[in-house]
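This report refers to the structure that appears directly beneath it.
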Amino acid sequence: MGNTNKRHRLSGSEYRKRRAAAQAEIAKQSGLMLKFFKSEHNDTVESKVIDEDMEVTDFNLKNENPDDNLNLEIDNMKDNDGTVESEVNDEDVRSEDTDFNSKMDNSDDNLNLDVEIIKDPAKWPEINDKMKLLLVKNNPLQINLKYYPFDDYKRKFSNAHYFKTLSNGEKLNRTWLIYSESSDSVFCFCCKLFKKDISSLSKQGTRDWKNISQILKRHENSPNHKIAYEDWKVLQTRMMQGKTIDDENQTLIRKETKHWKAVIERIISLIQTLGMQNLALRGSSDKLNEFDNGNFLKFIELLGKFDPIIKEHISRITSQDIRTHYLGKNIQNEIIQLLDNKIRQKIISAVQNSKYYSIILDCTPDVSHKEQMTMIIRFVTATEKKENVPAKVSISEHFLTFIELHDTTGLNMTNVLLETLKKYGILLDDMRGQGYDNGANMRGQQNGVQARVRQLNRRAFYVPCNAHSLNLVLNDSANCCLGAVIFFNIIQEVYVFFSASTHRWNVLLKHINNLTVKPLSGTRWESRLDAVRAIRFQIKEIYSALLEISQDNLLVNPSGVKSRAEAIGIINKFLNFKFLCCLVVWYDILFEINITSKMLQSISLDVSKTVKQLDSTKYFLMRYRSDEGFENTLKSAKLLANELGIEDSFPSIDQSRTRRTKTQFNYESCDDPIIDSKQRFKVEFFNAILDRAIQSINERFLQLSEHANLFSFLYDISKIKNSDELMTYCKDLQLALASDNSLTSDINAVELYDEITVLQRRFNDTETNPRIVLEYICENQFVELFPNTYVSLRILLTLPVTAATGERSFSKLKIIKNYLRSQMSQDRLVGLAMISIEKELAYNMDMEEVVSDFANAKARKGRQNLSLPRCVKSLEPGLHTLATEKEIDTCSTTISPTFDTVKVQDEQLAISTDPANWPFLNYNLKIMIVKRGSPPPLDDNFVFPLDEDNRRFTTFSYKRYLTN
């Protein structure tokens with residue numbers, strides 16, 4: 001018995017066999033592109049390639065063992081079987097074809113192709129209309145090589161074949177003959193393009209160099225070649241003159257594209273303008289030329305009277321030439337949503353470039369009793385000076401969205417906030433500030449929104465709305481004593497009395513010239529200042545009006561008598577020196593706090609300026625509480641008393657026996673009542689109001705003071721001279737700006753200390769503020785020198801001071817969603833609010849870009865509707881709509897197909913029934929195919945061909961698919 005043990009290591013011969021097989025496989029790859037791009041294969045060429053591979057293999061192994069050569073031939077035969085190799089090669093070819101098609105699709109005019117592919121006919125893809133135009137435009141490229149490769153018979157192509165020798169000896173260039181380097185064969189340019197001939201020159205090419213002269217002579221004299229050559233030259237001439245059928249078709253399409261682009265641009269501009277002006281778009285009707293069809297359609301009708309484009313558009317609609325008019329409510333919503341997204345993308349892009357930001361939230365119910373939460377984002381843009389671009393330092397607050405809340409707890413609001421930031425791609429880790437009102441669900445230390453956000457990001461500092469806090473300071477003072485409540489009741493009573501009757505209002509207008517009486521507001525204390533101011537400076541005129549009404553003897557009916565009685569009651573309250581003192585005190589307090597409130601509502605205000613202004617207000621209240629301030633109040637009140645003709649002193653207090661309360665403990669002393677009326681007013685009213693205001697300021701601005709102390713050394717960098725104190729401030733700031741795990745921080749304390757020390761020498765004790773220093777760094781391109789100072793100042797300026805921007809968005813909310821538009825959807829509300837609030841960004845928007853985005857959106861929707869039994873009409877690149885039956889008939893009768901070869905009815909029928917024969921599906925060919933209807937039924941005796949796996953598609957399955 002022989003040795004049955006298998007050899008684990010391959011012999012040298014087997015290694016050589018495998019290496020030779022790999023080389024043969026690589027050599028075979030050159031012919032596979034022909035298999036993919038051609039419907040028929042040249043068996044002769046393939047066999048020759050295989051024979052060449054075999055010859056190379058035999059040559060390389062001529063000194064080897066004959067048994068090894070026999071095994072190698074068997075291996076080659078297995079490789080050439082194609083069962084495994086063909087699958088891999090087909091995959092490679094498909095990937096190359098996909099890349100090629102993607103290049104064609106991504107080109108601007110779909111007529112760009114590599115020069116290497118153009119000059120090599122063996123690499124041409126399927127000859128469609130675009131490919132035909134490209135090749136004709138570039139003309140056939142004849143390759144002239146010095147040395148051509150030999151075939152198996154030691155023959156090769158020669159440049160002499162490019163010329164035809166006439167009978168008289170002259171030579172004529174064969175411009176239609178082209179050579180392929182990849183396949184070493186020649187092709188007929190015109191026959192391959194127009195497919196008039198079935199010879200090898202028009203398909204896979206020929207490399208029969210022995211008989212090439214006879215083949216070329218026979219081919220150029222054939223009728224099919226002459227017809228193809230004539231078609232080639234006719235098409236070339238028409239392309240040069242721009243008179244091809246396709247050019248005419250494209251001219252019509254470009255004209256239609258221009259019309260629709262102008263229509264869409266006007267529609268978008270109109271919606272943009274109506275949104276910026278807070279005007280309603282829709283009415284009770286959505287049809288043209290009807291009453292009450294809304295502002296949008298009315299303005300379209302108005303434009304139609306003067307604008308020829310809109311006039312033509314309306315004419316098409318009324319004559320029912322088009323059914324897609326882009327004037328409906330759904331298109332309005334799509335355009336509003338598009339503008340909303342475009343504006344928001346600009347804001348988010350600016351936020352991402354600025355990195356650090358703050359969030360401002362506020363809530364209010366709308367007219368339909370839905371809780372709406374507004375989201376405002378604040379950030380600082382600080383860019384260095386560049387070539388032809390000046391340095392820029394700006395503080396911006398922009399509206400992001402309205403969110404309908406179904407639960408106003410701190411947990412739900414936090415979740416909504418986090419989801420919205422994630423939706424817009426804004427990182428929570430970059431948040432450095434939170435600005436909310438003083439609601440418990442917002443500012444709660446345990447379960448409020450600010451506490452939950454700080455658990456996720458400890459560097460998101462919470463700053464209460466200072467304008468709202470200042471409002472609460474006044475509210476606390478107004479409710480701290482009985483005299484203050486009575487005073488504001490009198491102010492409101494005056495307004496109600498005059499505004500309840502037109503007659504009384506006219507009497508009032510006869511006596512006053514400038515300011516009319518105003519009502520009080522429970523939230524906006526600025527309105528209370530206006531109400532007090534009107535009476536403070538016109539009390540004599542208002543008194544005269546009241547006196548005239550009370551003495552009007554014509555008012556004898558019940559309502560008239562009641563009016564006279566009310567006037568007398570108000571007069572008695574006016575003729576009181578205590579009321580006049582209250583009027584002076586409250587006007588002085590409201591006027592000073594109103595100035596601070598106005599400054600706090602500025603977007604560009606930062607924490608440092610806020611602290612300075614609040615300190616100024618607090619100092620005013622403390623100085624006003626002094627005896628000097630009280631005496632000045634009495635002097636002003638006496639001047640008013642002299643105008644009214646009353647006593648300028650407080651009325652005496654009743655000296656009747658006062659009730660004494662029993663004390664609980666013996667050590668408690670009895671409070672003696674104040675007998676002096678002046679002293680009682682000072683203690684119970686004047687001091688009580690001011691003490692409460694000062695105390696409230698200290699309590700409500702405590703958190704702001706903490707942030708102010710943290711960043712105080714940055715308010716004026718030239719102020720702090722003590723190096724130890726400055727280093728302490730820098731270390732505290734580094735610790736406050738450290739991440740949750742304290743591994744990283746926004747700044748480095750030591751480097752910040754060195755940078756501020758250098759900046760102190762540059763400013764030379766000049767008073768500065770954070771914005772001045774930041775502008776100095778950006779203007780002089782010192783960001784690389786002072787990076788920590790640059791970051792610290794940006795964070796400081798990013799901290800919100802007030803939520804006034806959120807309140808302004810609520811004003812727009814009440815205008816947009818009023819009682820007539822209470823059923824507006826949330827998306828439409830957000831879109832219109834974005835256009836109205838961010839009107840500057842909306843106005844400066846690139847309309848070309850908006851129209852292009854709208855076209856792309858409609859194109860995607862059009863591609864989703866391609867299954868409908870209507871053809872697709874191209875309005876512009878990316879903008880499509882569905883054509884009507886009438887448009888299909890019109891286009892098919894007025895515009896012929898763009899292919900010169902598709903002229904005969906039978907050929908059109910063959911193209912429309914056999915999808916394998918369809919050329920490039922342009923607009924007209926789609927119309928023709930759609931008009932032909934569904935695929936034609938097949939005869940029961942029809943037999944589908946077998947595939948490569950000996951399987952076929954049955955007639956029964958075909959009918960079942962047609963039925964479904």
Inset, instruction - May I ask you to decide if Ala460's main-chain N or O and Gln434's side chain share a donor-acceptor pair within less than 3.5 Å? - result: yes
Inset, instruction - Measure from the ring center of His398 to the ring center of Phe379 and say whether it is less than 6.0 Å. - result: yes
Legend entry - Student check: side-chain heavy atoms of Asn353 and Ser349 closer than 4.5 Å: yes
Inset, instruction - Check whether any side-chain heavy atom of Lys258 lies under 4.5 Å from a side-chain heavy atom of Lys261, and answer yes or no. - result: no
Legend entry - Verdict with supporting geometry, Thr408 and Asn441, side-chain hydrogen bond (donor to acceptor under 3.5 Å, both in side chains): CA-CA 7 Å; Thr408 57; Asn441 56 350; 4.7 Å; no
Inset, instruction - Test Thr805 against Glu397 for side-chain hydrogen bond (donor to acceptor under 3.5 Å, both in side chains), laying out the working first. - result: CA-CA 7 Å; Thr805 307; Glu397 290 183 2; 2.3 Å; yes
Inset, instruction - Answer yes if the side chains of Gln613 and Thr596 hold a donor-acceptor pair under 3.5 Å, and no otherwise. - result: yes
Legend entry - Pair Glu755-Thr789, side-chain donor/acceptor within less than 3.5 Å: yes
Inset, instruction - Among residues two or more places apart or on two chains, list those pairs meeting salt bridge (Lys or Arg N to Asp or Glu O under 4.0 Å) that have a residue in residues 430-458. - result: Lys355-Asp430, Arg432-Asp746
Inset, instruction - With sequence neighbours excluded, tell me which residues meet salt bridge (charged side-chain N to carboxylate O under 4.0 Å, His left out) with Arg808. - result: none
Inset, instruction - Go through the structure and list residues passing ring-ring contact (aromatic ring centres under 6.0 Å, His included) with Tyr753, not counting sequence neighbours. - result: none
Inset, instruction - Just say parallel, tilted or perpendicular for the rings of Phe810 and Phe402, cut-offs at 30° and 60°. - result: parallel
Legend entry - Intermediate values then yes/no, salt bridge (charged side-chain N to carboxylate O under 4.0 Å, His left out), Arg771 and Glu775: CA-CA 6 Å; Arg771 186 159 184 169; Glu775 289 175 351; 3.5 Å; yes
